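Please read all numbers here as calculations on a predicted model, not as lab measurements.
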Amino acid sequence: MMNADDPDQKPALAAHDEAQAGAPAIVDVLAPLALDMVWSYLAPPDLALAAGDIVRIPFGSREAIGVVWAVHPPGATVGGRKLKTVSGRYDVPSLPDGLRTLLDWIARYTLAPRGQVLRLALRHPEKLPPEAPRVAVAATGRLPARLTPARRRALAALDGHDAMSRKGLAVAAGVSLAVINGLIDDGSLETRVLPDTPAPAPDPEFAPAALSDGQAGAAASLRAAVADGQFGVTLIEGVTGSGKTEVFFEAIAEALRQGRQALVMMPEIALTAQFLDRFAARFGVRPAEWHSGVSPRQRERIHAGAASGEIQVVTGARSALFLPFSKLGLIVVDEEHEAAYKQEDGVHYHARDMAVVRGRIERCHVALASATPSIESRVNAMRGRYGHLRLPERFGQRAMPRLSAIDLRKQAPPKGRWLSAPLVEAARETLARDEQALFYLNRRGYAPLTLCRSCGHRFQCPNCSASLVEHRFRRALICHHCGHAERRPDACPACGEVDALVPAGPGVERLAEEVAALFPGVPAITLSSDLAGGSERMRKELDAVAAGDFRIIIGTQLVAKGHNFPRLTLVGVVDADVGLATGDPRGAERTFQMLQQVTGRAGRGDAPGRAILQTHQPEHPVMTALLSGQSERFYAEEIAAREAAGLAPFGRLAAIIVAGPDRQATEAHAQALARAAHAAPNASGDLVVLGPAEAPLAIVRGMHRFRLLIKSARNTDLQGFLRAVLAATSAPAARIRVTVDVDPQSFF
DNA sequence: AGCACGCCGACT
DNA sequence: GTCGGCGTGCTC
């Protein structure tokens, strides 16, 4: 961390730039603070400042960092104010024009102060100790005064080598670094500074994959789009194993041939490891990796490399979008439907959408890849705004699983149980073949609801009125919304009746009990985010599952992606209806995506697997689409349903209320939106509220279901505001979420 | 976002 | 009598 008060921490400032004649130039500087405005400064006479330069400025009583956002034409004056002078410029890459344009755009679009958006792109230019030059040691031919056994081994290990790195030699000789250093001091070894070899570049011709006809066609089309060098978006749709990655690798290869950079965005870093290996197999080297876990030194290198163009391919989480690429030629957004692309604190943005915006700014192609695209990307493809490439078949992989449904209205499990007879039978067959079965239930804990048998009391969270979920393992009632936890009492808090509390409905813990009773002695494991022991333990257990140590897996959505379970041939969806009737406008879409993903995990090399959906509504579009394998149909029906509900199919933003200092404008804005909301009384969507609370209530009253994004002005009584919103609507508190996503193209 | 200034309650 | 709580305002 940089500390402005500590002079030793001050970064190197470029001091001797060409002096400029005449009056000092005036520059506008944006500071990475939650402020929207720029501040004017005089440029020091010996610094030729340009837009994008990163500078230090005196700011109030302290020094601050900032970025030159604009340079005034010579001779300009600013408001007759006496201006302070920029203190100096950091010797780090400037923010390129395209990136600054993107940041301005995002600020306008998300209603965030520009300074706050700037923080996304500005890593503190820390004064890292200068990079140690890479040194190697070579023998001088002189023997040391004292030739100890360790020294003898070290010199022997070096024999036949021209030079070796100190560490390499130490390892090769089985001695410590101290021995090597001793030999250097004694004059038996000399150090040589190795030339700074640039990291090997990915080679577009290294190992092109053999593509099927369908893949080759898609790859050619995408290559052409990249070669074209213009902005455009392509949706690549194809199930797992259909070759999406191979296809966009060819697009990356094309960008490299054009001498341009490529950015591959991933929803989470946990999934990147295997991607890096596949990339290396195709291009000869791994791409640069960018995410929150990367070391400061590495960050600095990637920053510099992205700006200079030396680093050609970066893969990373959503923050990689804000790297200072100088010649971006392609952005790939993998798993574009993933909710992880949405940032929900600070600046609220959807990285997939912002990738499209950056592509437009940089005039480069953007490829969105998914097996189950988001509705908005599908709509954009349908309307011809995005290109659409489909990769229908699985290529050289296992076949798609056979899907079937069990109608729970006709084949209900016994009371207090959740697995129907046909599903249990299917699992028995699977186990008899020495294969694995997965019971999927997206409900953590023991029971989603706890009721009093005597008075009907339902345990609710005191903060958000959501039902408290019983976690038997942790012996607690927990709110999955806010994290509130309390002990499960013995007596009903409402009527005092003892031993009258009953769990209602299943969670994975309860399902595990049933599985243990049905399949005694069969090794089973329950995987949910409640698993104690953190990510390390999770990794271990997943490896154990992959190795076949467990025959039955009971899991939440956590098992839907990532790890390949080669012996898994049966996926039983215990309650396919979870998530359909929650009032979430995206419920059906999310359920479809999740079920498509989790059922797709069944099957192995030699045989297709089976997936069984237990459902109360086999006629639901989600189920019929899954069963028929026609996602097309689901998307069409879902889009129609959203249109019928008065929702833009691609976004859910219902209102933006900017309650700024101009109260009159705020109220006029709010009234216009309230009129619109009342004209469509079933409107649902996102509500963006900025600032004080009174005005938004008029709009909230016109809505039934909504999500809420609150960007509160300081000192706003948020709790009080939420209570007022709840009083004004019929929306349950559990439905209030912080979110914003709108198709950015609607703003173009 | 920081940071200073300022105005009221409990302490050496 | 001051130390320090945080509410308000300002930063070229």
Please report, to 0.1 Å, the donor-acceptor pairs under 3.5 Å made by any side chain of residues 307-315 of chain A, with sequence neighbours excluded.
from      : atom 1 : to        : atom 2 : distance (Å)
Ser308(A) : OG     : Ala304(A) : O      : 3.2
Ser308(A) : OG     : Gly305(A) : O      : 3.3
Ser308(A) : OG     : Glu310(A) : N      : 3.1
Thr315(A) : OG1    : Val264(A) : O      : 3.2

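Looking at Arg119(A) and Gln116(A), their side chains never bring a donor and an acceptor atom within 3.5 Å of each other. For Ser374(A) and Glu336(A), the side-chain atoms include at least one donor-acceptor pair closer than 3.5 Å.
Between Met37(A) atom CE and dT11(C) atom P the separation is 8 Å, expressed in whole Å. Atoms CD1 (Ile57(A)) and C1' (dA1(B)) sit 12 Å apart, rounded to a whole Å. Per the geometry, CD belonging to Glu63(A) stands 21 Å off P belonging to dA1(B), to the nearest Å. Rounded to an integer number of Å, the gap from NE2 of His72(A) to C1' of dC12(C) is 10 Å. Leu120(A) places its CG atom 13 Å from the P atom of dA1(B), with the value rounded to the nearest Å. Going from atom CZ of Phe59(A) over to atom P of dG9(C) covers 17 Å, rounded to whole Å. Across the protein-nucleic acid pair, Gln116(A) atom CD and dG2(B) atom P stand 11 Å apart, rounded to whole Å. For the pair Arg119(A) CZ and dG2(B) P, the computed distance is 6 Å after rounding to whole Å.
Applying the side chain to side chain contact (heavy atoms under 4.5 Å, CB included) rule to Val71(A) yields the partners Val27(A), Val68(A); only residues at least two apart in sequence or on another chain are considered.
Of the listed nucleotides (dC12(C), dA4(B), dG2(B)), dC12(C) has the atom at the smallest distance from the side chain of Tyr41(A).
Looking at heavy-atom distances under 4.0 Å, Leu35(A) makes contact with a base.
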